[in-house]
There are 2 protein chains.
Amino acid sequence: MDKKSKSLSKNQKIVLDFIQKNKKPVKAYSILSNVQKKGINAPPQVYRALDKLIEIGKIHRVESQNSFVACKISNCDTPHKTVFSICNSCEIVSEINDPKLFKNLKDFRDKDGTVFDGYNLEFFGTCKSCKNKQIENTKH
Amino acid sequence: MDKKSKSLSKNQKIVLDFIQKNKKPVKAYSILSNVQKKGINAPPQVYRALDKLIEIGKIHRVESQNSFVACKISNCDTPHKTVFSICNSCEIVSEINDPKLFKNLKDFRDKDGTVFDGYNLEFFGTCKSCKNKQIENTKH
DNA sequence: GAGTATAGTGTTATAATATAACAAATTTTT
DNA sequence: AAAAATTTGTTATATTATAACACTATACTC
């Protein structure tokens with residue numbers, strides 16, 4: 001148990017818990033309706049928790065979906081350095097953990113030599129399972 | 001003059017025109033209020049034009065800002081393969097045109113060997129001009 | 001060139017996503 | 001324990017985006 005998870009507040013824990021239970025990214029209002037039984041009543045309570053969880057790197061925002069997903073990289077302390085693959089068909093999102101790609105991104109400089117604090121990269125394609133289904137469907 | 005720009009409809013032209021006039025990305029409702037004098041009255045008219053312009057690669061969506069920016073890469077026929085740098089301070093967005101980075105992204109495969117159709121990469125940092133301002137401010 | 005398919009338009013209403021503002025309670029620091 | 005910082009709870013509202021439907025224009029094909 002690390003420092004960061006110890007210091008989570010009640011609402012932050014509730015929201016993180018719910019996000020971690022889900023394989024797919026979840027939407028803010030879906031979180032809200034699912035945690036209302038736990039005493040979270042209104043959007044700002046959810047959004048505040050989300051902001052904090054993003055800040056400490058426990059979750060990431062999937063920009064192209066307005067959704068939120070738990071960080072899969074253990075001991076992640078690098079919010080805002082994220083790489084995802086997203087299936088165009090089923091919308092499942094996987095966090096990519098590829099050292100070579102990370103290095104390319106970390107080392108990237110623009111023409112001015114600007115060093116970047118962070119990045120977000122989203123790859124779009126068709127996941128294996130969806131591709132197989134498509135092949136099945138064209139078989140006859 | 002290429003095929004694609006010839007075939008733009010009236011509303012598509014109006015919206016593209018406005019986006020191209022702006023250095024910074026623009027928001028959908030800002031587009032709307034600025035083109036109302038040209039006869040575009042309601043959000044769906046703007047969003048439809050945006051969808052089409054994105055589809056043909058004339059503009060890109062800046063996911064982290066919910067904003068839209070003209071493609072700066074001449075004869076761009078690759079929608080959904082975008083790299084931007086975004087200043088955290090002034091929110092200015094530049095489209096990055098870096099062949100080596102493009103190659104890395106194009107060649108990337110995930111663990112399953114999935115080939116991706118597209119990607120969106122956003123780098124975050126402080127642009128040169130904002131960095132200089134910050135240094136000025138700490139000088140005394 | 002008549003018929004039909006495809007894409008675009010205009011409109012109203014509403015859904016989905018996100019934040020402002022403020023008072024009260026809690027936790028952390030000094 | 002007082003002061004500071006963070007979190008909470010709440011109401012209201014701002015911002016972003018789409019559904020649905022009737023209609024018009026353009027392109028395609030026989």
Side-chain angles (χ1 to χ4, degrees), chain A residues 3-19 22 24-56 58-69 79 86 91 93 120 122, chain B residues 2-19 22 24-69 79 86 91 93 120 122:
Chain A
K3 247 192 330 190
K4 275 167 184 169
S5 67
K6 255 181 91 96
S7 67
L8 291 181
S9 77
K10 188 191 120 217
N11 287 358
Q12 289 158 11
K13 271 180 206 145
I14 292 171
V15 170
L16 178 57
D17 240 53
F18 179 72
I19 295 173
N22 283 271
K24 285 196 186 182
V26 286
K27 302 269 193 165
Y29 278 73
S30 155
I31 297 170
L32 177 57
S33 65
N34 279 282
V35 299
Q36 281 186 319
K37 52 195 170 238
K38 304 221 169 175
I40 292 182
N41 309 305
Q45 297 176 292
V46 172
Y47 281 102
R48 282 176 196 144
L50 291 172
D51 287 348
K52 184 69 183 196
L53 293 168
I54 289 168
E55 191 192 317
I56 64 176
K58 287 288 169 194
I59 66 169
H60 304 301
R61 192 184 148 86
V62 182
E63 295 289 355
S64 62
Q65 292 187 343
N66 300 326
S67 65
F68 304 88
V69 70
I86 302 174
E91 303 200 318
V93 171
N120 178 59
E122 300 182 4
Chain B
D2 64 331
K3 243 190 335 187
K4 275 167 184 169
S5 67
K6 256 182 89 97
S7 67
L8 290 182
S9 76
K10 188 190 121 219
N11 288 356
Q12 288 157 13
K13 271 179 207 145
I14 294 170
V15 169
L16 177 58
D17 241 52
F18 179 72
I19 296 173
N22 282 272
K24 284 197 187 185
V26 285
K27 303 269 194 167
Y29 277 73
S30 156
I31 297 171
L32 177 57
S33 65
N34 278 282
V35 298
Q36 281 187 320
K37 52 193 172 245
K38 305 224 167 174
I40 293 183
N41 309 305
Q45 296 175 291
V46 172
Y47 280 102
R48 283 176 196 142
L50 291 172
D51 286 348
K52 185 67 183 199
L53 293 168
I54 289 168
E55 192 191 317
I56 65 177
K58 288 287 170 197
I59 66 170
H60 304 301
R61 194 185 145 86
V62 183
E63 294 289 355
S64 62
Q65 293 187 343
N66 299 326
S67 66
F68 304 88
V69 70
I86 301 173
E91 303 201 316
V93 171
N120 177 58
E122 300 181 5

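Note on naming: letters A, B, ... go to the chains in the order of the sequence lines (proteins, then strands), and numbering restarts at 1 for each one.
Atom NZ of A/Lys13 and atom P of D/dT6 are 18 Å apart (whole Å). Distance B/Gln65 CD to D/dA17 P: 12 Å, rounded to the nearest Å. When rounded to the nearest whole Å, the span between CG of A/Asn66 and C1' of D/dA17 equals 10 Å. Nucleotide D/dT7 holds its P atom 14 Å from the CG atom of A/Leu50, rounded to whole Å.
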For nucleotides 13-15 of chain D, list the nitrogen or oxygen atoms of the protein found under 3.5 Å from its nitrogen or oxygen atoms, one pair per line.
none

Identify the pairs formed between an N or O of the protein and an N or O of nucleotides 20-27 of chain D at a distance under 3.5 Å, and give each distance.
| from | atom 1 | to | atom 2 | distance (Å) |
| --- | --- | --- | --- | --- |
| D/dA20 | N6 | B/Arg48 | NH2 | 3.3 |

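For B/Lys27, the side-chain contact (heavy atoms from CB on, under 4.5 Å) criterion is met by B/Ser30, B/Asn66, B/Ser67, not counting sequence neighbours. Residues meeting the side-chain contact (heavy atoms from CB on, under 4.5 Å) test with B/Asp51, sequence neighbours left out: none. Residues meeting the side-chain hydrogen bond (donor to acceptor under 3.5 Å, both in side chains) test with A/Gln12, sequence neighbours left out: A/Ser9. With sequence neighbours left out, A/Asn41 forms a side-chain contact (heavy atoms from CB on, under 4.5 Å) with A/Gln45.
Where DNA chain C meets chain B (any atom under 4.0 Å from a heavy atom), the bounding nucleotides read 5' to 3' are C/dG8 to C/dT12.
Contact between B/Ala49 and B/Asn11 at its shortest, heavy atoms only, is CB-O, 4.1 Å.
Taking 4.5 Å as the limit, some side-chain heavy atom of B/Leu8 sits within range of a side-chain heavy atom of B/Ile56. Counting only heavy atoms from C-beta outward, the side chains of B/Gln65 and B/Ile86 approach each other to under 4.5 Å. Residues A/Ile59 and A/Val15 form no side-chain contact, since every pair of their non-hydrogen atoms from C-beta on lies 4.5 Å or further apart.
In this structure, A/Asn41 does not reach the D/dT8 phosphate: none of its side-chain N or O atoms is under 4.0 Å from OP1 or OP2.
Heavy-atom nearest nucleotides on DNA chain D were determined for A/Gln45 and for B/Pro43, and the one closer to the 5' end corresponds to A/Gln45. Residue B/Ala49 is the one, among A/Asp51 and B/Ala49, whose nearest nucleotide of DNA chain C lies closer to the 5' end (criterion: closest heavy atom).
The line from CZ of B/Phe68 to CG of B/Asn22 is 13.5 Å long, rounded to the nearest 0.5 Å. Summarising the geometry, atom CD1 belonging to A/Ile19 is positioned 6.0 Å from atom CG belonging to A/Leu53; distances are rounded to the nearest 0.5 Å. For the atom pair CD1 (A/Ile40) and CZ (A/Arg48), the distance works out to 10.5 Å, reported to the nearest 0.5 Å.
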* To do: Can you run through DNA chain D from 5' to 3' and write each base as (, ), [, ], | or . depending on how it pairs? Watson-Crick or G-U wobble, both distances under 3.5 Å.
  => ||||||||||||||||||||||||||||||

* Asked: Would B/Ile31 and B/Leu50 satisfy side chain to side chain contact (heavy atoms under 4.5 Å, CB included), going step by step from the backbone distance to the final call?
  -> CA-CA 10 Å; B/Ile31 297 171; B/Leu50 291 172; 3.9 Å; yes

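In terms of modelled atom types and a separation under 3.5 Å, the side chain of A/Glu122 and the main chain of B/Glu63 share no donor-acceptor contact.
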